[in-house]
Amino acid sequence: MSTPEHHISGNFIHDIIDKDNASGKYGQRVHTRFPPEPNGYLHIGHAKSICLNFGTALKYGGKCNLRFDDTNPSKEETEYVESIMEDVRWLGFDWDDRLFYASDYFDKLYDYACDLILAGKAYVCDLSAEQIRQYRGTLTEPGKESPYRNRPVAENLDLFERMKNGEFPDGARVLRAKIDMASPNLNMRDPVLYRIMRAHHHRTGDAWCIYPMYDYAHPLSDAYEGITHSICTLEFEAHRPLYDWCVDILGEFKPRPVQIEFARLNLTYTVMSKRKLRALVENGRVAGWDDPRMPTISGLRRRGYTPEAIRDFCGRIGVAKADSVVDYALLEHCVREDLGPKAPRLMAVLRPLKVVLTNYPEDKIEALTIENNPEDETLGTRSVPFGRVLHIEQEDFMENPPPKYFRLTPGGEVRLKGAYIIKCEEVVKDADGNVVELRCTYDPETKSGSGSTRKVKGTVHWVADAYALPCEVRLYDHLFPTEDPEAGDEDFLSRVNPDSLVALAALIEPFAVNAKSGDRFQFIRHGYFSADPDSTFEKPVFNRIVGLKDSWAKIQK
RNA sequence: AGGGGCGUAGCCAAGUCGGUAAGGCAACGGACUUUGACUCCGUCAUGCGUUGGUUCGAGUCCAGCCGCCCCUGCCA
């Protein structure tokens, strides 16, 4: 695999591994796994987990498995397993031949359950779901033991087999662990291990009508695969005693893999739970899981984010146990930093204002040479046509400019990037008083690269009218207008930022015809953009990945 | 309330034997600039939830208090 350059510095999980390696607990072996449930698309929070698990294996010369936690066929689909594999690969990680499914272990898990019954550690319970809930007790009161708790082993074995054989309707009985109904940890009050559920499984089809629960299948899957460090998120902390129970109870797996919990990623201006992301998709608030505004891996990819930037981000946010919300600006910083030296520059005018150079010959066209990236001259130069009629950005001209405005003003001068210094001689307006055209003169002595020493304060980008390529530019902004979209009681769906997508008919320099879907550029003075798959030869479409930092916008406030 | 966790700057986060608070993002000054970008320089915790205690010395040890998160799915 390509070895991602990781910024994972030390964290408490690596400290634990260092100690285990020092004591020889796992014989210097480090084996992690990334265990998604294939019931939705991966998001940037999963990227944190992927980078942690695969990155940790890389750091210690160990291995990381990809394992689908597919124990609930009513929610899982192959569409999701495919997208998950694509996303993990795109992020730059490789599971080699270690692609597993919890469903690979259905037979072993069933046998293990029978052993549990034989050992008197599990029983078939006929209580209804509602009754089980009542028997469970509350946070402060102990639960009551099920009347089926002391069923004879032989009867349990028989009933469990008949559950498997489909002799009972869905929900009629469950297999439960026999632990402690008085435990202060509710997860230990005889948790359900198997339920009857007639659902078509994406891999095992209709072979089974009983399916294991996560709390049972997960620790054993880890044990079967020889996982040493089983990393998961904080909400599973209270499940750890059950994890340990499942692995230890029959004494088969030593040393036991250790479950370690860390805080999941939260980001400002967006939501992260699969449930909420799904709601956005299903309610049509976004165009799909890969809508460029979504914090999904597929959304970020379509937006134009690079795997390098996402990995860098995951390395910078750290790994700890405190609940936290990371500033979205850090993610944006990471793409800018990645793309700055890599992305070729292009000039695009998003809101065109016509400029006519009155002293420039009518039919003359010059081919100007402009560097592709001032941060890296090895990226070379390109030829950009220049002529008498041009377009500049509307916001680069002001009739009554505020102080410190460095752009074009009546009678003022500005440099056209890579071309000449021009002076605004006349402002043409329409009947409503809108500025529709600027009549300017250019100074032939100031051609870029000619050695001219004349300086002006402002430089502005432009496109030549005769060669301008019409394109669509999609300007994306935060999915939600506030840092914490979940705050308050108003439904978060109704809070989607109405300006999160603004599509503009723009003009771009002709070099852009070469852009292929996924190509990334910096549109000078605007930001980083990538060609969207919607692009056609007739009309390229560009997504704004992120804007450039804009200190002028701050001054204006 | 029972159990399990967590509290270091606006945000994230180092801080391993107690020895006098890393780094990044953001922000704010300034230099440079044919991208108001990039880059560079500088500023940004006498303070580590809080109150006491131990100690020559406490973010680190002890006790109490406060706040926040998770757990009562036949979800993961």
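Reminder, nothing fancy here: chain letters follow the sequence lines and each chain counts from 1.
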- Looking only at side-chain N and O atoms, does A:Ser551 come under 4.0 Å of OP1 or OP2 in B:A37? yes

(message) Side-chain N or O of A:Arg316 versus OP1/OP2 of B:A26: is the shortest distance under 4.0 Å?
(response) no

Notebook entry, point to check: Just checking A:Phe313: base, sugar-phosphate only, or nothing, at a heavy-atom cut-off of under 4.0 Å?
Noted result: nothing

Is the distance from the ring center of A:Tyr211 to that of A:Phe106 below 6.0 Å?
yes

Which of B:G2, B:C75, B:C25 is nearest the side chain of A:Thr140? It is B:G2

A:His201 NE2 to B:A76 P, in whole Å, measures 11 Å

Q.
Applying a 4.0 Å non-hydrogen cut-off, can you work out what A:Arg407 is touching in the nucleic acid: base, sugar-phosphate, or nothing?
A. base

A:Ile555 has its side chain closest, among B:A14, B:G24, B:G36, to B:G36

Each nucleotide of nucleotides 29-35 of chain B classed B (base within 4.0 Å of a protein heavy atom), S (only sugar-phosphate) or -, in 5' to 3' order, makes -----BB

Quick note, salt bridge (charged side-chain N to carboxylate O under 4.0 Å, His left out) partners involving residues 123-138 of chain A, not counting sequence neighbours, are A:Asp126-A:Arg151, A:Asp126-A:Arg173, A:Glu130-A:Arg133

Under a 4.0 Å threshold between the charged nitrogen and the carboxylate oxygen, would A:Glu337 count as salt-bridged to A:Arg316? yes

Between CG of A:Asp323 and C1' of B:C12 the distance, given in whole Å, is 13 Å

Residues passing the side-chain hydrogen bond (donor to acceptor under 3.5 Å, both in side chains) test with A:Asp338, sequence neighbours excluded, are A:Thr306, A:Lys342

To the nearest angstrom, the CD-P distance between A:Glu393 and B:A37 comes to 17 Å

| field | Presence of A:Lys321 side-chain N/O under 4.0 Å of B:G7 phosphate oxygens OP1/OP2 | value | no

Applying side chain to side chain contact (heavy atoms under 4.5 Å, CB included) to A:Ala263 and not counting sequence neighbours gives A:Leu234

Would A:Tyr360 and A:Glu366 count as having a side-chain donor-acceptor pair, cut-off 3.5 Å?
-> yes

Those residues at least two apart in sequence (or on a different chain) that pass side chain to side chain contact (heavy atoms under 4.5 Å, CB included) with A:Ser230 are A:Arg33, A:His218, A:Asp222, A:Ile227, A:Tyr243

Here the distance between atom C1' of B:C28 and atom NZ of A:Lys549, to the nearest Å, is 12 Å

**Asked** Should the pair A:Arg189-A:Asp180 be classified as a salt bridge under the 4.0 Å nitrogen-to-oxygen rule?
**Response** no

ask   = What do the steps show when you test A:Leu548 against A:His526 for side-chain contact (heavy atoms from CB on, under 4.5 Å), and what is the final call?
value = CA-CA 6 Å; A:Leu548 255 26; A:His526 283 300; 5.8 Å; no

Taking Watson-Crick and G-U wobble contacts under 3.5 angstrom, with | marking pairs to another strand and [ ] crossing pairs, the secondary structure of RNA chain B is written .(((((((.[[[..)...(...]]].(((((.......))))).....[[[[[..)....]]]]])))))).....

Check every strand shown and say whether A:Met213 touches a base, only sugar-phosphate, or nothing at a heavy-atom separation below 4.0 Å.
sugar-phosphate

The nucleotide from B:C12, B:C25, B:G36 with an atom nearest the side chain of A:His333 is B:C25

The complete set of salt bridge (charged side-chain N to carboxylate O under 4.0 Å, His left out) pairs with one or both residues in residues 369-379 of chain A, sequence neighbours excluded, reads A:Arg345-A:Glu375, A:Glu371-A:Lys417

- Donor-acceptor side-chain pairing of A:Ser74 and A:Asn72 below 3.5 angstrom: yes

- Distance-only side-chain donor-acceptor flag, A:Asn53 / A:Ser49, under 3.5 Å: yes

Note to self: So that I can tick it off, tell me whether A:Asp190 and A:Lys178 are bridged by a salt bridge, with the cut-off set at under 4.0 angstrom between side-chain N and carboxylate O.
What the structure shows: no

B:C75 OP1/OP2 closer than 4.0 Å to side-chain N/O of A:Thr71 | no

A:Tyr194 OH to B:A76 P, in whole Å, measures 12 Å

Electrostatic pair A:Asp104:A:Arg203 at N-O distance under 4.0 angstrom
yes

- Message: Need one value for A:Ile196: base, sugar-phosphate or nothing, where a base atom within 4.0 Å counts as base even if backbone is also close, heavy atoms only.
- Response: nothing

What residues 259-274 of chain A contributes to the RNA chain B interface at heavy-atom separation below 4.0 Å is none

Exercise. Check whether any side-chain nitrogen or oxygen of A:Arg176 sits under 4.0 Å from OP1 or OP2 of B:C74, and answer yes or no.
Key: no

Between the protein and nucleotides 8-10 of chain B, which nitrogen or oxygen pairs come in under 3.5 angstrom?
none

Separation of B:C25 atom P from A:Ile310 atom CD1, nearest Å, is 19 Å

Check your understanding: Taking atom types as modelled and ignoring hydrogens, do the side chains of A:His201 and A:Glu76 form a donor-acceptor contact shorter than 3.5 angstrom?
Key -> no

- For A:Val192, answer base if it contacts any base atom (sugar-phosphate contacts may also be present), sugar-phosphate if it contacts only those atoms, and nothing otherwise; contact means non-hydrogen atoms under 4.0 Å. sugar-phosphate

| Taking OP1 and OP2 of B:A13, is either one under 4.0 Å from a side-chain nitrogen or oxygen of A:Ser324? | yes

Whole-Å distance, A:Asp126 CG to B:C74 P, equals 15 Å

Applied to residues 257-273 of chain A, the salt bridge (charged side-chain N to carboxylate O under 4.0 Å, His left out) test, sequence neighbours excluded, yields A:Glu235-A:Arg264, A:Arg240-A:Glu261, A:Glu261-A:Lys321

- Take A:Tyr528 and A:Arg336, measure what side-chain contact (heavy atoms from CB on, under 4.5 Å) needs, and give me the verdict at the end. CA-CA 8 Å; A:Tyr528 296 96; A:Arg336 286 194 196 100; 4.0 Å; yes

To the nearest angstrom, the CG-P distance between A:Leu331 and B:A26 comes to 12 Å

Syn within 90° of 0, anti beyond: B:G73 is syn

Residues passing the salt bridge (Lys or Arg N to Asp or Glu O under 4.0 Å) test with A:Asp477, sequence neighbours excluded, are none

Distances under 3.5 Å between protein N/O atoms and the N/O atoms of nucleotides 70-72 of chain B, please, pair by pair.
unit_1, atom_1, unit_2, atom_2, d
B:U72, O3', A:Arg136, NH2, 3.4
B:U72, O2', A:Arg136, NE, 3.3

